[in-house]
Colleague: 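The structure is given below, and queries will be raised subsequently.
Heavy-atom basis, side chains included; hydrogens, waters and symmetry copies ignored.
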Amino acid sequence: MQVNENFEPVIVAFCCNWCSYAGADLSGTNRLNYPTNVKIIRVPCSCRVNPMFILRAFQKGADGVIICGCHPGDCHYTSGNYFTRRRITLLYSMLDFLGIERNRTRLEWVSAAEGAKFAATMEQFTADVKALGPNRRLEDLRCRKQ
Amino acid sequence: MQEAMIKRAKELLADGSVDRVIGWKRGEFAYDITPAVFTSAEELEHDFVFDDFTAANVSKYLVKETAKEGKILAFLKPCDTYSFNQLIKEHRIDREKVYVVGIPGGPKLDIEKIKAKGITGVLSVKNEDYTLKIETLYGEETMPFSEAVLDKCASCKSKKHVAYDELIGEDGDVLESNRFDMVEKLENMTAQERFDFWRGQLSKCIRCNACRNVCPACTCENCVFDNPKSGIDNKAAADSFEENMFHIIRAFHVAGRCTDCGECSRVCPQHIPLHLLNRKFIKDINELYGEYQAGADTTSRAPLTDYTKDDCEPSVVHERGVE
Amino acid sequence: MQRIGVFVCHCGTNIAATVDVKAVAEALGHEPGVVISQDYQYMCSESGQELVKSAIREQKLTGVVICSCSPRMHENTFRKAAASAGLNPYLVEIANIREQCSWIHKDIATATDKAIILGKAAVAKVHLNTPLSSMESPVVKRALVIGGGIAGIQTALDIAEAGFDVDIVEKQPTIGGKMAQIDKTFPTLDCAACILTPKMVEASQNEHITIHSFSEVADVKGFVGNFTVKIKKKARYVDETKCTGCGLCTEKCPMKKVPNEFNMGLDNRSAVYIPFAQAVPKVATIDPNYCMMLRSGKCGVCSKVCSAGAIDYKQQDTFIEQKYGAIVVATGFNPINLDKYDEFAYNQCPDVVTSLELERLMNAAGPNGGTLLRPSDKSHPHTIVFVQCVGSRCDDEKGKPYCSKICCMYTAKHAMLIREKYPDTEVYVFYIDVRTPGKNFDEFYRRAVEQYNVHYIKGMVGKVTPKSDGKIDVQASDLLANEQLHIDADMVVLAAAIEPDKTARPLATMLTTQMDTNDFFTEAHPKLRPVESATAGIFLSGACQGPKDIPETVAQGSAAAAKAIGLLCKNSITCNPCVAHSDELMCNGCSSCEKVCPYGAITYIDKEFRMPDRTTKVRRVASVNPAVCQGCGACTVACPSGAMDLSGFSNSQIMAEVDAICK
Amino acid sequence: MNNDTLIPKIGVVTDIRQDTPDVKTFRVVAPEGGKVFEHMPGQCAMLSMPGVGEAMFSITSSPTNKEFMEFSIKKCGCLTEWLHAMEVGQQITIRGPYGNAFPVEGDLKGKDLLFIAGGIGLAPLRSVINYVRDNRANYGDVQVIYGSRSKDDLVDYKEIIDEWMADPNIRVDLTIDNPQEGWDGHVGFVPNYVKELAPSTSKTVLVCGPPIMIKFTLAGLKELGFTETQVYTTMELRMKCGVGKCGRCNIGNKYVCKDGPVFRFDQLGELPDEY
Amino acid sequence: MLKISKSRLGELFDAVAAKQTLYIPTDREPGAAEYKKYESGMELTKELNTVRSAKDFFFPQTENLADFRIDGKNIEVRDIREECGDFVVFGVRACDARSFTILDKVFLCEPVDSFYKNRRDHGTVVTMACSRPAETCFCQTFGIDPTSPEGDAACFDDGESIFFKANTEKGQAFIDSIASLLEEGDTAKLDEVNAKTKEIMAKLPLAKLSTGNFGGDKLNEYFNSDKWAELSEACLGCGTCTFVCPTCQCYDIRDFNTGHGIKRFRCWDSCMYSDFTKMAHGNPRLTQLERFRQRFMHKLVYFPANNNGEFGCVGCGRCLAKCPISMNIVKVMKALEEK
């Protein structure tokens, strides 16, 4: 696939309040740069992320969606991210089954201490999505910017 | 079988064990059978039918029926008993108000498959030793029974009744079915091929909601797609909503709860193989979290409300097979 | 129409250096509903807050968006400011344009664009914010401690010390637990009974402590601050209030062939018994499985000899119900059953014993009065082999995957005590590793090796075979010498793994607390909340949470007490208002949400609904207890109908943010 | 291409009046000033805020008002909540007029008129009352019986007191459901009050209010000797198009949006009971 | 009559498609045909009819009515209507052709629906006579002759050739535009085919079905019939029947927020849906019984009452074939008549 240098993907990142959002803050505190394409939505726990939100983001024109939560076993709510893992695995598998590019979706465990990992993950993910080009398979044409 | 069922239903009505019977009612033609509730011996005698076309799963009607007074006799095929169990598990059916008579399952016939052979003007369909003798306006036609079998029956998962109060006929076994073959075939395609396949199929959707309304797992008081408060309500087949939201979310909502009864595909006026979406979830669940058959019992924990600490990471999706 | 105020913070140059804050304020001023959009040097400063407050008052704002640092930093600051200006604090949203924007980006144009989008998302969200108020839930000033071992006793004493009533429920006839069975304690070698029994007495005499011995928890309802617990008092056929503990009945009881569980079955007791001399309560208990009167109606000796008239053969199990504000679980541990360890001949040879059995054999109150004799022939053992890690650190089905933690130290203690008392006895210890982290632990172990010449051999015992001459052949490998050994032993002591008490699992279900796969209770956070369970108001004390030695157990018991006291001190609890709630009109009662709730906050009620046609219909619907819910949101996704939603992070709010970002 | 009725026009809200705790009256004019369109009393318009919703409201101002249209709207759903929250100067979309009107230039002409309204039911009748007042010579006696739950729930109370009650040519009888401090008028339900007042059966009646009130009022009127052909009412059902095409507001073969909303009771009687 | 050999039909289609958009029914999969925009090489289906009706061409499932832009308190309405390009729908059956007459009565009566009219003005309907009616056909109940379909122009197939006949000026213009490809032909064989079709028509299982007991005057007779409960009992409340029906025209108007404006669109709605008449404060059709009754009363009573006795059904048989529970207008008619 040809990489369009000018293509700036819209990337939605859902981050759990206790680990990943704090991890994102830490990467800020440490001045670790990652692309501006990433916009974070704070949720209490990764298990709050309804598959509906992910599809909605794609419908409205997002090019990539990443979900970040506490590492398994470290969930603030003890078990939330275990449910997330199953739900999101199945959803991503379904999207793959429907022929949606795999690199548009991702789930990462980022702890509050992993500012560097957060930045690196976002860097990589943005690059992956950029390489894929704009999301055409899940977008709603009505929402495309004229 | 039909006679035995009518006889038993009449007995149970007569001795007051049940007040109503849910089964199937004869139609205008050989195949247009309607699920119906019978309250008298006369109605049963006159209209009750159980034949190669009584494919409809009546389990979901029990949600409505058991909310009423009195007890109802339900004739359930093996596949229907799975739906029944799942509904019991989700507290949608009052078990006390149903008397379940297990009856043999299919394979049932699909009139659309007969018509797809170019056989039109069907007046009657007779099964003679697994050859269908079809009387039409344009003369008699024959075709092998096996070629007219409903898709859902062709990949039957079980002949075993998982819930019943009594059985008419023998109980069967859980089958080694080939039901995941098509899913596997799709999995082995490239992402572009899969996309093209599904875009082709799902874009046929006219959002009649038949799949949802017939689905025994879809018993929400108010479906998210009808509820303006849900934020994803959408009534019409508008742009790519069906392809990108409706069918995916619906499949996700029934994931781990879908018993694979196949009604969604059976009723789809556009012949979209919707069951493949559900089967994909079932296959994934089986492979990733251990074999699970929704509706096989009424107590086990559904895979999406359960977890183990050693569950695989979603990266398995990204790593497997071709893209 | 919403009246939203947007306040963009420069944070000195922290934000303003890479984000054009004026442009952000300008852009957000055009968003629907925004009536005022300002920027300021330091929003969090006194004067910055005043800016927000006066705007709330003057502009009659219905929502506030602060574009500033992370909400983890100042969300509370701005919520308080809003509240003081008369705006519900939950109508404030923060757009994080420092940590997640200005600090990570260098290009002013793109960083400004991003800040605007983050601001738009916050504006979109705040449109849908609803005023939330924290619910207050009263706290019952009484605690329940489940388990009367050293952990439970310590917890109860500490709570009582703080002036709160506390009940101990102990399933055995006496409190004391495992520690009461232990002879000496490591690393100080002081007598366990000498330090435990005063605490037991203290507990029994404390006016704030009620001991329900020979009792079990039958049912738990309610939630933090307001649990209702049903306690089953098992029939002991002796009126506790009358029995003086004189022990005459136990002497006179003709049925004397009952395996004595206190001595690990190494000797016998009578059918009516007091477990040990210092038992608390010191009250007799009749064992209905052996009592001839209860079994066949023939005997009645105890009744005749009891001058207090305390014997009551007709006694029944009774139930009492009590309300508690806090519950501490202290159900402790047991050694695992060694029936499956045929290689160690535990079931075949009486001289192969567990460490706890050895404690009793060496205890002055034990079967041999403190003289170490072989159970088989009461002879003095000259060679004793200790086998470590029996069932601990095991990958197979028989054992446990974890380290039982206490075995290394108590084995060193046993070896040392034996060598001290019987210098002619050779002691071998087969170990995989010797683990001695703890104050004075390694010194203790080294004393065993260096001072007492205990033979520590790194290696596995392969097989233990009783021989016809009464000796026991211990076949082992010495990993360091790389050779196979055979030792003719007189006794073999197995350091059996410990496991949580069997009653813990059903209890966890009643308490809706989490357990790990080994049935140890899971703490709310492994590092930061080690004595709380994830379920609010339930605390963990002692080995029920994981293997622990006595000092750790006591420490944790006190810590759990401190947490419980902290809760009981409050008259009411302020609940986090960002909790789940179920729309009963939409809920279909399918139970999916309940299954994923880690806190047991969701119950089902049958609710009557008025239908539009004026009939009524009873439906099962989910009901969230806001005092228990912690607001994770797992239920909201499990719910297919969308009936379950989370205040503060509602479906519509999150989707509004998504929409704003993707716009 | 011709204008299509489904494509709305813009209306500017120039005044908002809080009538009762849950009723506000909105004044709407065209962006260039003046009314967006002309109408007859009883007709309705579709108001909408794009993205929020669209719904049918009766035009409460009289056609004789040449400057603006008014809508009295009760808060009861998504759109109405939005409308209640808006501020003066807000634009909304408007299309219409829809439906038939009270036959002010037909059967009602020259007749003695009795208006009976309950709560927000005054909104459609207010248009007729003011039309009649402005064309007073064309009609006989005019009497208004209006009731509400409480004094605070009387819509357009100020206009009723200041204008109608001050008008010697019409009679106004007010009632509220329950006694209330500061109310020395009649207390009781509208249907009972109607019976009490026993108006002359020579009058033609226009009634509007909650269904239950209409039902009992009609029964009361019949007791008094009125016939169904003398009584008009106006209906409300879910509507989408406003022009009898979208298929949801029918009662039998009549579409409320097109054949209604004004019906005479004898006409309604011929329709199935599905409203 | 003018005709063209069936082997040259492709040429004819190419010629039509060169001038305007042409839609023909073609096979989507075995047993399921749909109208598709003609591309060279595409073949006419052998199926009797398409799964979806031809109403889509004039009344599509969704269409944009207007766009709005909102800026602060101001709203801008954008009329996005455009003059529709000319198009031809070829191969419409007699039943569907009649459905346009019915839809016209709804959409072309005052106030005229300009969206519908625009397409109607620019569309030419070329019908195709039937020769192999199915058991589900009952168009004759509604006085439709499938061997002589309405439409702007009608085609007839005698097995070898397709004959053309103009019914309207637009139809004549269509035939004129392809005149160079047509030749005069003998209709003897066609008459035979038609006679045979009529024989079959008489033998159809539903041939006896009559509308005699229905009409605008039957409101009270049927509205309160106790049959409705039984008939509607199994109804799933889906919209299959309404969506495949060529005459159902209920619609909904909704707004969609695209993130940079509001699109107001019209979409098909179904009176079978539970929220069809739901209001903030109640629903006049509370249960499926009322909704089910509405659909059939509308077709059999209300519509004829308002349209000089014309019924709201054309007997195409789609609902018979597609209803998931096989409940349909035929069963309803028969049950109501039983009394």
Colleague: So what's closer than 4.5 Å to chain B heavy atoms on E:L206: side chain, backbone, both or neither?
Modeller: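 The side chain, not the backbone.
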Colleague: Between E:S326 (side chain only) and B:T34 (backbone N and O only), is there a donor and an acceptor less than 3.5 Å apart?
Modeller: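 Flag not set: sc E:S326 to bb B:T34 has no pair under 3.5 Å.
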Colleague: Would the distance check show the side chain of E:R28 and the main-chain N or O of B:Q270 forming a donor-acceptor pair, the cut-off being under 3.5 Å?
Modeller: yes
Colleague: If we ignore hydrogens and angles and just use 3.5 Å, is the side chain of E:E135 paired with the main-chain N or O of B:L123 as donor and acceptor?
Modeller: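 Looks like no, no N/O pair under 3.5 Å.
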Colleague: Between the side chain of E:K322 and the main-chain N/O of B:P269, is any donor-acceptor distance below 3.5 Å?
Modeller: yes
Colleague: Do the side chains of E:R254 and B:D233 get close enough for a salt bridge, i.e. N-O under 4.0 angstrom?
Modeller: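 Counted as a salt bridge, because a side-chain N and a carboxylate O are separated by less than 4.0 Å.
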Colleague: Of the backbone (N, CA, C, O) and the side chain (C-beta and beyond), which part of E:E34 lies under 4.5 Å from a heavy atom of chain B, both, or neither?
Modeller: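 For E:E34, no heavy atom lies under 4.5 Å from chain B.
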Colleague: Are B:E28 and E:K334 within salt-bridge range, i.e. N to O under 4.0 Å?
Modeller: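 A salt bridge is present here (some side-chain N lies under 4.0 Å from a carboxylate O).
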Colleague: Please state whether the side chain, the backbone, both or neither of E:S270 comes within less than 4.5 Å of a heavy atom of chain B.
Modeller: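 Contact with chain B involves no heavy atom of E:S270 at all.
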Colleague: Kindly determine whether B:N209 and E:Y273 satisfy side chain to side chain donor-acceptor pair (under 3.5 Å), including the steps that lead there.
Modeller: CA-CA 9 Å; B:N209 292 317; E:Y273 286 165; 3.2 Å; yes
Colleague: Do the side chains of B:Y138 and E:P133 get nearer than 4.5 Å, heavy atoms only?
Modeller: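 In contact.
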Colleague: Measure the spacing between CG of E:L236 and SG of B:C218 and express it to the nearest 0.5 Å.
Modeller: 11.5 Å
Colleague: What part of E:T242 gets closer than 4.5 Å to chain B, counting heavy atoms only: side chain, backbone, both or neither?
Modeller: neither
Colleague: Using non-hydrogen atoms and a 4.5 Å limit, figure out which bit of E:E63 sits close to chain B: side chain, backbone, both or neither.
Modeller: neither
Colleague: Taking atom CD of B:E193 as the centre, does the number of heavy atoms from other residues, nucleotides or ligands within less than 6.0 Å exceed 12?
Modeller: yes
Colleague: Quick check: does any side chain N or O of B:T120 sit under 3.5 Å from a backbone N or O of E:A134, one acting as donor and the other as acceptor?
Modeller: no
Colleague: Drop me the distance from B:D32's CG to E:M327's CE, to the nearest 0.5 angstrom.
Modeller: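 The distance works out to 9.0 Å.
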Colleague: So, taking the atom named CD in E:Q288 and the one named CG in B:N213, what distance separates them when rounded to the nearest 0.5 Å?
Modeller: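 Output value for this atom pair is 8.5 Å.
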